Amino acid sequence: MQAWLDWLATQRRVAPLTLTAYRAGLQALLRLAEERPPESLQPADIRRFVARLHGEGQQGRSIARHLSAWRGFYRWLVREHGVRVNPALGIRPPKSPSTLPRVLSPEQANALLDPEPQNSLEIRDIAMFELFYSSGLRVAELAGLDIGAGLDLAEGLVTVIGKRQRQRTVPVGGKAIEALHRWLQIRGGLARAGEPALFVTRDGNRLSTRGIASRLSVRAEALGLGVHVHPHMLRHSFASHLLQSSGDLRAVQELLGHASIRSTQIYTHLDFQHLAAVYDAAHPRARK
């Protein structure tokens, strides 16, 4: 199992969070199999394991992640170690209730970003969150940005390395460019010598994804937004607001770096909810 995880990390360059999820999936498989070796398991065993996980209270999405790890592991065993069957093929997780991602309204996004920063850390935070919302980045992409690499403020572009090491270049909006210029003027006073990170802590080291999430949550609470704001909510808001204005699903897919249009289509449902709310509020025959 460790050899498969090492192969994913070195040959497939799978993201660290994905590796963590796959490791958890393999640990679940070992626990459920008890002392039976993985190559002896049959489809009936995998179905029973899925039922047990569901009985333990795990949701369909969590079980689906485990099944994805199991299928990948067995594909590798079949190819590299002569195991004859992939027992996880065709096994489906229980269905989860359909939930749409929560997004900020444009007014809430403005309320989060408009207030003037009061100190150097708030100047940094505004630059981070403006770039986040302006360009629809993932939090790991934002944390991984380096000074002088990937960010071209003259052209208004940022280049990031996303999932599976796919590179994409997306626009940076005017407000984000202004905020980044302001941050770059003071960054040198905080960053340690030789630290390449664009966004650094008060100690001068690279700001982590957890640190970004914490600062975003604290700012939203301090400004009285009334909702818990997490990093992916800014990415969801970017996609939803862009789709509402443009209606161009393919463009939103490219900007988000989704490999499949199916991942982007969820925002069409959010857009429909917005239209339905407008209809309910405005149409004279919509009211009871």
Side-chain angles (χ1 to χ4, degrees), residues 9 11-19 101 103-104 106 109-110 112-113 123-185 187-188 191 195-200 206-209 211-213 215-216 230-268 270-271:
Q11 303 301 313
R12 297 291 302 278
R13 297 184 177 182
V14 166
L17 287 177
T18 305
L19 280 178
V103 299
L104 297 174
N110 290 335
L112 179 73
L113 299 171
I123 291 173
R124 177 205 63 192
D125 291 349
I126 290 293
M128 283 193 308
F129 304 149
E130 284 281 10
L131 179 58
F132 215 154
Y133 176 59
S134 163
S135 304
L137 304 184
R138 298 179 177 93
V139 65
E141 295 167 349
L142 185 73
L145 283 172
D146 287 339
I147 190 81
L151 187 62
D152 186 342
L153 295 183
E155 293 294 328
L157 297 171
V158 61
T159 300
V160 293
I161 306 298
K163 289 184 176 180
R164 297 196 180 278
Q165 298 297 299
R166 285 191 292 264
Q167 178 178 293
R168 76 182 189 283
T169 300
V170 291
V172 180
K175 291 280 190 183
I177 290 173
E178 289 177 18
L180 285 161
H181 274 306
R182 194 170 179 181
W183 161 241
L184 289 172
Q185 288 172 2
R187 176 193 170 277
E195 173 56 64
L198 176 60
F199 298 113
V200 297
R206 183 182 298 275
L207 190 62
S208 67
T209 56
I212 294 171
R215 294 293 295 185
L216 180 58
H230 54 83
H232 223 58
M233 188 183 284
L234 282 187
R235 180 167 155 89
H236 290 322
S237 302
F238 159 86
S240 179
H241 298 165
L242 197 60
L243 188 60
Q244 285 175 18
S245 301
S246 70
D248 192 333
L249 190 64
R250 286 288 180 186
V252 175
Q253 177 193 1
E254 289 294 323
L255 292 169
L256 289 173
H258 285 162
S260 167
I261 193 72
R262 293 180 63 186
S263 301
T264 319
Q265 283 172 335
I266 189 169
Y267 298 107
T268 63
L270 291 174
D271 193 33

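Values in this document were obtained by computation on a predicted structure and should not be read as measured data.
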Separation between CZ of Phe132 and NE2 of His232, rounded to the nearest 0.5 Å: 8.5 Å
Rounded at 0.5 Å granularity, tell me how far CG in Leu198 sits from CZ in Arg187. 7.0 Å
Between Arg168 and Glu141 (salt bridge meaning N to carboxylate O under 4.0 Å), is one present in this structure? yes
So for atom CG, which belongs to Leu157, do other residues, nucleotides or ligands contribute more than 12 heavy atoms lying within a distance under 6.0 Å? yes
A side-chain contact here means heavy atoms from C-beta on lying under 4.5 Å apart; do Thr209 and Pro231 qualify? no
side-chain contact (heavy atoms from CB on, under 4.5 Å) between Val172 and Asp152, worked out: CA-CA 9 Å; Val172 180; Asp152 186 342; over 6 Å; no
When rounded to the nearest 0.5 angstrom, what distance separates CD in Glu155 from OG1 in Thr169? 11.5 Å
What is the distance from atom CG of Asp146 to atom CZ of Arg206, rounded to the nearest 0.5 Å? 4.5 Å
Nearest-0.5 Å distance, CZ of residue Phe238 to CG of residue Leu104: 14.0 Å
Would a 4.5 Å heavy-atom cut-off, applied to side chains only, mark Leu234 and Leu112 as touching? yes
If you take all heavy atoms of Arg124 and Phe199, which pair is closest and at what distance? CG-CD2, 4.0 Å
Roughly how far, to the nearest 0.5 Å, is CG of Leu153 from CD of Glu178? 11.5 Å
Pick from Leu137, Leu145, Ile212, Leu180: which one makes a side chain to side chain contact (heavy atoms under 4.5 Å, CB included) with Met128? Ile212
Could you pull out the closest heavy-atom pair between Ala179 and Glu130, with the gap in Å? CB-CG, 4.1 Å
Here the pair of heavy atoms bringing Ser135 nearest to Val158 is OG-CG1, 4.0 Å
